[in-house]
Amino acid sequence: IKEKHRNNYKMFETSISENFKSMLTMESDLRKALQKEQFELHYQPQKNLITGEIVGMEALLRWNHPEKGYIPPLDFISLAERTGLIIDIGDWVMYEACRQNKLWQGGGYDPVIVSVNLSAKQFHQKDLVSKIQHILNETGLEPKYLELEITESMAMTNEKYILNTLQQLRELGVLVSIDDFGTGYSSLRYLSVFPVTKLKIDKTFMDDNQIQNKAIVKSIIHMSHSLNMKVIAEGVETEEQIAFLKEENCDEMQGYFLSKPLPPGKLVHLLSTG
Ligand code: C2E
Ligand code: CA
Ligand code: CA
Ligand code: CA
């Protein structure tokens, strides 16, 4: 047993230093990625469960690394956060998403809302609101077609500051949703105070094998509506889930059943006209 322990320890050591090396490489790669235009946005459609129309597109970041191929966001977002690079990356994401949405509108499709994920660091930028205003002016996108997704954990720090920023964003006319709802420290009091327009039910609650999930989904839907918010279910993969969501009057859905996140050109056939 002792011997085994020692080996494990050794393996642990090497993996730490290798991880560290690859993290440093990754950090310098990440710094170059923006100027080399290696980032892409893929979009996942959101469907209104009553009308059946596509009403939104969530922008999801992809890093097309020259050697490693596509790197998923969860593998580099936290590094980008720690290094502060998330600010520049986030600016790019926001601009690109607004530009793309304006392009879709110019193509004669019914307008959709583009939603963009905001990390904590981005949300706490002092000039966030003026930055967004600037991006909307530059791209010509009307504010009501931009939605910002924040997470519950973000909402828990410094209530006054968050409330003030949210109010400014709402005055500007952009929409704000709470992402991964139900996984963080939800406080019902914050929910009723913050001017949030939509809750996104986290995809872990779509798992049918967990009996209590249906009850949780139901109560999130009912709560959203009583707080005058819209509600969307994420991670919807089956017809049964859709039937359940319709039955419970969920407003919208998003998930692989409808479409995986795709490059913008591959989504136009889903957009409606007239
Ligand atoms: P998220 O915002 O919760 O995005 C949903 C994630 O679930 C996406 O993973 C999406 O591809 C995946 N997904 C969608 N439908 C289904 C489904 O039916 N089943 C399952 N199992 N998964 C589904 P992705 O694209 O890998 O993004 C992961 C996370 O990375 C996002 O989670 C978000 O937190 C973060 N992220 C993505 N883009 C950005 C960005 O531009 N900025 C920031 N700050 N974070 C981002
Ligand atoms: Ca999201
Ligand atoms: Ca989510
Ligand atoms: Ca998430």
Side-chain angles (χ1 to χ4, degrees), residues 30 33-34 38-47 54 56-64 69-101 113-125 128 132 135 146-155 175-184 186 196-210 213 217 220 231-242 245 252-264 266-267 270:
L30 198 54
L34 259 181
Q38 292 167 2
F39 289 117
E40 288 174 24
L41 290 183
H42 286 188
Y43 296 85
Q44 190 176 36
Q46 303 172 329
K47 187 181 193 152
I54 301 301
M57 293 280 188
E58 177 175 1
L60 293 156
L61 186 58
R62 301 290 181 259
W63 179 7
N64 195 354
Y70 278 112
I71 302 180
L74 291 178
D75 290 358
F76 65 89
I77 293 279
S78 73
L79 181 63
E81 274 261 307
R82 272 178 280 139
T83 54
L85 285 165
I86 193 69
I87 298 295
D88 288 342
I89 297 172
D91 288 352
W92 178 82
V93 168
M94 190 108 65
Y95 186 90
E96 180 57 24
C98 291
R99 192 189 67 87
Q100 179 59 55
N101 199 18
I113 292 162
V114 75
S115 43
V116 170
N117 292 283
L118 276 201
S119 70
K121 258 212 182 113
Q122 282 178 277
F123 189 80
H124 288 96
Q125 292 172 92
L128 177 71
I132 292 173
I135 290 173
L146 174 64
E147 178 178 76
L148 305 174
E149 299 193 3
I150 63 171
T151 58
E152 285 170 276
S153 50
M154 232 179 274
L175 307 166
V176 180
S177 65
I178 299 196
D179 200 3
D180 304 340
F181 187 77
T183 61
S186 356
V196 165
T197 42
K198 192 191 279 181
L199 295 185
K200 300 194 75 177
I201 306 175
D202 190 72
K203 58 176 174 293
T204 54
F205 298 117
M206 286 300 124
D207 183 354
D208 305 314
N209 297 321
Q210 291 239 267
N213 277 351
V217 171
I220 299 178
V231 59
I232 180 167
E234 290 193 278
V236 176
E237 296 180 355
T238 68
E239 214 135 16
E240 291 72 38
Q241 290 167 340
I242 296 176
L245 292 166
E252 295 167 13
M253 67 137 230
Q254 176 179 352
Y256 292 164
F257 185 84
L258 182 59
S259 171
K260 290 196 167 189
L262 292 171
K266 297 204 167 155
L267 288 161
L270 288 171

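What you see is a predicted model, and the numbers here were worked out from it, not measured in a lab. Indexing begins at 1, ligand by ligand and atom by atom, following the structure's order.
- Taking 3.0 Å as the threshold, D179 counts as a candidate ligand of the Ca ion (ligand 2), since one of its N, O or S atoms lies below it.
- The backbone of V236, and not its side chain, has at least one atom closer than 4.0 Å to an atom of ligand 1 (non-hydrogen atoms only; backbone = N, CA, C, O).
- Under 4.0 angstrom from ligand 1, the non-hydrogen atoms of D180 all belong to its side chain.
- Taking the side-chain contact (heavy atoms from CB on, under 4.5 Å) definition, one finds that K260 meets it with Y256, sequence neighbours left out.
- Within D180, the N, O or S atom lying nearest to the Ca ion (ligand 3) carries the name OD1.
- The nearest N, O or S atom of N117 is closer to the Ca ion (ligand 2) than 3.0 Å.
- Screening V176, L118, V116, N117 for a side-chain contact (heavy atoms from CB on, under 4.5 Å) involving E149 leaves a single residue, N117.
- The atom of E58 that is an N, O or S and sits closest to the Ca ion (ligand 2) is OE2.
- A distance-only check finds no donor-acceptor pair linking the side chain of D202 to the backbone of G182 [under 3.5 Å].
- Residues passing the ring pair (Phe, Tyr, Trp, His ring centres under 6.0 Å) test with F123: none are found, sequence neighbours excluded.
- Distances shorter than 4.0 angstrom do not occur between any heavy atom of Q254 and any atom of ligand 1.
- When only modelled atom types and interatomic distance are considered, Q254 and Q44 share a side-chain donor-acceptor pair under 3.5 Å.
- Under 4.0 Å from ligand 1, heavy atoms of S119 appear from its side chain as well as its backbone.
- The proximity of N117 to ligand 1, defined as any non-hydrogen pair under 4.0 Å, involves the side chain as well as the backbone.
- Between the side chain of Q100 and the backbone N or O of A97 there is no donor-acceptor pair closer than 3.5 Å.
- Within the 3.0 Å limit, E234 places at least one N, O or S atom next to the Ca ion (ligand 3).
- The Ca ion (ligand 3) lies at 3.0 Å or more from every N, O or S atom belonging to D202.
- Contacts with ligand 1 closer than 4.0 Å are made by side-chain heavy atoms of I77 only, the backbone lying farther away.
- The N, O or S atom of E149 with the smallest distance to the Ca ion (ligand 2) is OE1.
- Nearest residue to atom 15 (N) of ligand 1 from E81, Q44, H42 is Q44 (criterion: closest heavy atom).
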